[in-house]
Amino acid sequence: MKLLLSSQRHYSTLASLNLKTFENPQSKAYKIIQYCKSGSLFEAIHVLNSIDWTRLSNKPFFYASLLQTCTKAVSFTHGIQFHAHVIKSGLDTDRFVGNSLLALYFKLGPNLFEARRVFDGLFYKDLISWTSMITGYVKVEKPKKSLELFLEMLGLGIEPNGFTLSATSIISAFTRNDAYDKALGFFYSMCRKHGLSPDGFTFGTVLTACGNLGRLKQGKEVHAKVIASGLSGNVFVESSLVDMYGKCRLVNQSQCVFDRMSVKNLVSWTALLGGYCQNGDFESVIRIFREDEMIEEGIRPDYISFVGVLFACSHVGLVDQGKKYFAAMSEVYEIKPGIEHYNCMIDLLGRAGLLEEAENLIENANCRDEPSLWTVLLGACAASPHSATAERIAKKAVELKPDHHLSYVYLANVYRAVGRWDDAVKIRNLMTKRGVGKMPGTSWIET
DNA sequence: ATAGGGTTAG
């Protein structure tokens, strides 16, 4: 690639390159900025190459604009070249240039290493620098680092007030860290201490936290805040509410919120179905799915919603229905079944005593060596352990997952059921030898 | 003048 910004060119246009003239529409400096603003990276570079860059004043502003344009135009290679020039001119300590570089590395990289280097090298870090780095860590799945940095920022006396976004990224970091309690705590201090008004994103995150914690009381409080904030029409917020009530075992409330939603999407439906699933009302799941209500509203079920309905089928023992949905998944909706769908089907078939059919299904799946499939099938076998099939399945499970103690227990149980006491003892010894958990006493019958 | 953000499902 041609090197940009050669310093050996075009002294003739020097007159148009000072700070004052970039506001002059005739000047090339003005054109560069205009091109940057409209995201026309190549045009901007073209003009840039026709001037003497070394004589241009106010370089930080140009570098920042150009770097942002690279980010906007998704051109990482150009961005890196500009970074090289930035370093050469010693402007990488400038916070505007640096912040633009951070955006480049986080949005197009993501290159955490380079971003951190830029961040550490900044002469003065402002709230935007901190926020970029904090949210950047969340993005690359390093919530702990993100929180460390957040605390460091607070230690320096920089308050995240006025910027809801920095607060939401912290909440997000907490929730990704499974520290839902802290996320909730932060939400409340954000509202009370800093007087910030949360937006839809914040509410979505916080409601999910309430749901995962089963905190109905706080969930309701947040619901009240949602209503007060006028965000009731937000499909993300309302789907989170449906989810929250479902997880807090108030499935009626979940249905109520759902019914009043003016805009529903697939996630809203799946959250509703999930609520019924978690509350053991599998009949409702199947009823809602079967009545084609979703399809009437123009919503096509996806990978996850099929997990819900197959899970329900397996719990109710609807073999034909389950088979129908499993087939429809790939035939009608062109969704490749995954391990979760297979698990449901194996459980469904196995519990119905259709061991061979279940075994067949596993053997023909591309995830056939996945231990969980065999473990699930083995669990289903416990109801009918009197067969060579059960023995075969149990052996396969032990082979694929030698550290799973239940497989041994099941296998021993199969032997006991047909009176092969010596084999049962061998399994017990094998378990001890491999050190995989404790064999239950002889009173153990089935799960 | 220029820069920063995220949510939902089994």
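Here the structure is a predicted model, which means the values were calculated and not measured. Excluded from the calculations below are hydrogen atoms, water molecules and symmetry mates; all remaining heavy atoms, backbone and side chain alike, are included.
A:S65 comes within 4.0 angstrom of nothing in the nucleic acid, heavy atoms only. Nucleic acid contact for A:Q278: sugar-phosphate only, since backbone atoms but no base atoms lie under 4.0 Å from a heavy atom of the residue. Looking at heavy-atom distances under 4.0 Å, A:K59 makes no contact with the nucleic acid at all. Among the heavy atoms of the strands, none lies under 4.0 Å from A:K264. Among the heavy atoms of the strands, none lies under 4.0 Å from A:N234.
Checking A:L361, A:N343, A:D347, A:I346 one by one against A:L377, the side-chain contact (heavy atoms from CB on, under 4.5 Å) holds for a single residue, A:I346. Each of A:T131, A:I134, A:T205 was compared with A:I170 under the side-chain contact (heavy atoms from CB on, under 4.5 Å) criterion, and only A:I134 meets it.
To the nearest angstrom, C1' of B:dA9 lies 14 Å from CH2 of A:W269. Atom pair A:Y105:OH and B:dA3:P shows a separation of 18 Å (rounding to whole Å applied). Here the C1' atom of nucleotide B:dT2 and the CG atom of A:N58 are 9 Å apart, to the nearest Å. The nearest whole Å value for the distance from the CG atom in A:L231 to the P atom in B:dT8 is 16 Å.
For A:F236, counting side-chain heavy atoms from C-beta on, the closest listed nucleotide (B:dA9, B:dT8, B:dT2) is B:dT8. Set against B:dG6, B:dG10, B:dA9, the side chain of A:F201 has B:dG6 as its closest nucleotide.
Because its NZ or CZ atom is not both nearer than 6.0 Å to the ring centre of A:F203 and within 45° of the ring axis, A:K225 does not count as a cation-pi partner of that residue.
Proximity of A:K139 to the phosphate of B:dG6: a side-chain N or O atom is located under 4.0 Å from OP1 or OP2.
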Handout entry: side-chain contact (heavy atoms from CB on, under 4.5 Å) between A:E238 and A:L231, worked out
Key = CA-CA 9 Å; A:E238 298 207 295; A:L231 280 163; over 6 Å; no
